[in-house]
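What follows is a single structure, written as structure tokens, with notes after it.
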Amino acid sequence: QVPLAESGGGLVQAGGSLRLSCAASGRTFRSLGMGWFRQVPGKEREFVASINWSGSSTYYADSVRGRFTISRDNAKITVYLQMNSLKSEDTAVYYCAASPSAAPRPPIDDYKYWGQGTQVTVSS
């Protein structure tokens with residue numbers, strides 16, 4: 001098991017910024033790919049961003065590219081999602097997840113460990 005705990009969500013006005021953090025436990029964190037996903041009621045969970053184990057490769061959904069930045073600090077066993085220029089459509093519960101897959105961008109089914117989620121609400 002790799003316990004994950006998200007933090008940093010909240011209410012922000014459109015155009016504002018938030019930084020989400022995902023703190024992990026366990027020595028295996030450094031070998032895991034990490035991802036951020038989001039979900040709104042009635043819709044499927046969708047991919048937001050991912051980062052490989054070393055931090056050398058990142059991927060973004062088209063809807064957030066250029067506004068969001070994923071990063072990780074393996075010394076602190078934490079992954080971050082910096083969200084800038086937020087829009088009302090970014091409102092969702094955001095989840096971080098960990099994948100043992102070595103694929104550059106693992107499919108959602110390859111993510112084996114999930115946090116509880118943190119609510120992000122963007123007011124227009």
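Not measured: the values here are computed from a predicted model.
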May I ask you to say whether Asp62 pairs ionically with Arg65, meaning some side-chain N is under 4.0 Å from a carboxylate O? yes
Would you please name every residue forming a ring-ring contact (aromatic ring centres under 6.0 Å, His included) with Tyr59, sequence neighbours left out? none
Nearest heavy-atom pair of Arg67 and Ser85: which atoms, and what distance? NH1-O, 2.9 Å
How about Lys76 and Ser21: do any of their side-chain heavy atoms sit closer than 4.5 Å? no
Looking at every heavy atom in both Ser50 and Arg105, which two are closest together, and how far apart are they? OG-CG, 4.0 Å
Please go through Met34's hydrophobic cluster and name the other residues, only I, L, V, M, F, W, Y counting, with side-chain heavy atoms under 4.5 Å joining them. Val2, Leu4, Val12, Leu18, Leu20, Phe29, Leu32, Trp36, Val48, Ile51, Tyr60, Val64, Phe68, Ile70, Ile77, Val79, Leu81, Met83, Leu86, Tyr94, Tyr113, Val120, Val122
Hey, what do you get for CD (Glu6) to SG (Cys22), rounding to the nearest 0.5 Å? 5.5 Å
Closest non-hydrogen atoms of Ala97 and Tyr111, given as atom of the first, atom of the second and distance, are CB-CD2, 3.5 Å
Closest heavy-atom contact between Ala61 and Phe47? CB-O, 3.5 Å
Of all heavy-atom pairs between Asp110 and Pro106, which one has the smallest distance, and what is that distance? CB-CB, 3.8 Å
Any side-chain heavy-atom pair of Ser71 and Gln82 under 4.5 Å: no
Taking the side chain as every heavy atom from C-beta outward, state whether Arg45 and Trp114 have any atom pair closer than 4.5 Å. yes
In this structure, OG of Ser124 is separated from CD of Gln13 (nearest 0.5 Å) by 9.5 Å
Taking atom OG of Ser7 and atom CD of Gln116, what is their separation to the nearest 0.5 Å? 13.5 Å
Hey, are the side chains of Leu11 and Gln119 touching, using non-hydrogen atoms and a 4.5 Å cut-off? no
So, taking the atom named OG in Ser101 and the one named NZ in Lys112, what distance separates them when rounded to the nearest 0.5 Å? 9.0 Å
Find the distance between CG (Asn74) and OG (Ser31) and round it off to the nearest 0.5 Å. 9.0 Å
Distance, nearest 0.5 Å, that separates CZ of Arg72 from CG of Asn52: 7.0 Å
